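The block underneath contains the structure these notes are about, expressed in structure tokens.
One is the number of the first residue; the rest follow in order along the sequence. The structure displayed is predicted, hence computed values, not measured ones.
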Amino acid sequence: PTLPMAQIETIEQTLSRLTAADRFYTVFLAAFAVVALLMAAVGIYGVMSFVVAQRTQEIGLRMALGGARSRVVAEVLREGMMTALAGVALGAVGAVLIGRTLERTVYGVEPTNPFTFGIVAVTLLLAALVACLVPARRAASVDPMVALRQV
């Protein structure tokens with residue numbers, strides 16, 4: 001009873017202090033993941049905008065001949081999503097291969113976690129859908145006469 005007490009803290013304070021580094025790394029990696037997702041979406045948007053710009057005359061001709069705007073949007077979205085699906089499939093194969101390598105190196109790494117792969121695939125496909133939607137709507141609003149004059 002005569003000994004002085006030092007560094008008195010609650011269990012919550014102790015846990016918070018002990019897990020501070022883990023929380024920092026989690027937030028840091030989540031920020032990088034968000035930046036990577038934004039970069040992927042901007043890249044898909046750029047590629048789709050370029051493809052739509054290259055096909056302006058074709059889209060204008062289709063619309064001049066009576067093509068529906070909904071079909072133009074559907075076609076541009078289909079092409080963009082097929083590219084995104086191919087990218088997600090190749091990325092999943094690469095992730096499995098890297099996961100197997102990490103499994104041998106780092107303790108506790110699961111090489112194939114279907115839940116994580118599913119969440120990542122759905123998130124990337126949704127980002128690709130949003131990135132493809134803007135060029136698709138722009139393609140559908142092309143004035144056929146202006147597109148045909150750009151020869």
Side-chain angles (χ1 to χ4, degrees), residues 6-63 67-144 146-147 150-151:
Q7 295 180 342
I8 299 172
E9 58 186 13
T10 65
I11 191 71
E12 289 86 12
Q13 291 170 331
T14 303
L15 285 174
S16 177
R17 182 176 42 83
L18 292 174
T19 60
D22 292 337
R23 281 194 317 271
F24 172 75
Y25 292 132
T26 302
V27 169
F28 194 65
L29 289 174
F32 272 124
V34 168
V35 169
L37 181 63
L38 288 174
M39 287 175 61
V42 167
I44 292 169
Y45 171 78
V47 169
M48 289 308 299
S49 291
F50 179 75
V51 168
V52 168
Q54 294 293 316
R55 295 179 56 195
T56 301
Q57 292 175 347
E58 173 196 344
I59 292 169
L61 182 62
R62 285 180 185 218
M63 293 187 67
R69 291 182 190 271
S70 60
R71 289 205 53 176
V72 171
V73 170
E75 183 178 333
V76 173
L77 283 177
R78 182 179 50 79
E79 288 178 8
M81 294 310 293
M82 291 302 288
T83 304
L85 276 171
V88 166
L90 288 173
V93 169
V96 168
L97 294 176
I98 289 173
R100 288 195 178 157
T101 303
L102 283 177
E103 182 183 35
R104 294 184 204 117
T105 309
V106 181
Y107 174 75
V109 172
E110 294 180 39
T112 55
N113 185 342
F115 179 73
T116 303
F117 281 6
I119 293 294
V120 169
V122 167
T123 303
L124 287 174
L125 289 174
L126 284 175
L129 180 66
V130 170
C132 290
L133 195 58
V134 175
R137 292 192 58 170
R138 191 170 356 132
S141 66
V142 168
D143 182 23
V146 171
Q150 291 181 355
V151 177

All N/O donor-acceptor pairs, side-chain side in residues 71-85, below 3.5 Å, sequence neighbours left out:
| unit_1 | atom_1 | unit_2 | atom_2 | d |
| --- | --- | --- | --- | --- |
| E75 | OE1 | R62 | NH1 | 2.7 |
| E75 | OE2 | R55 | NH2 | 2.5 |
| E79 | OE1 | R55 | NH1 | 2.8 |
| E79 | OE2 | R55 | NH1 | 2.8 |
| T83 | OG1 | E79 | O | 3.1 |

Under 3.5 Å donor-acceptor, T19 side chain and D22 backbone: no
Which atom pairs, donor and acceptor, lie under 3.5 Å between side-chain atoms of residues 115-128 and protein residues at least two apart or in another chain?
| unit_1 | atom_1 | unit_2 | atom_2 | d |
| --- | --- | --- | --- | --- |
| T116 | OG1 | N113 | ND2 | 3.1 |
| T123 | OG1 | I119 | O | 2.7 |

Residue pair A131 / Y45: nearest heavy atoms and the distance that separates them: O-CD1, 3.5 Å
R138 atom CZ: more than 12 heavy-atom contacts under 6.0 Å: yes
Any residue meeting ring-ring contact (aromatic ring centres under 6.0 Å, His included) with F32, in chain and number order, not counting sequence neighbours: F28
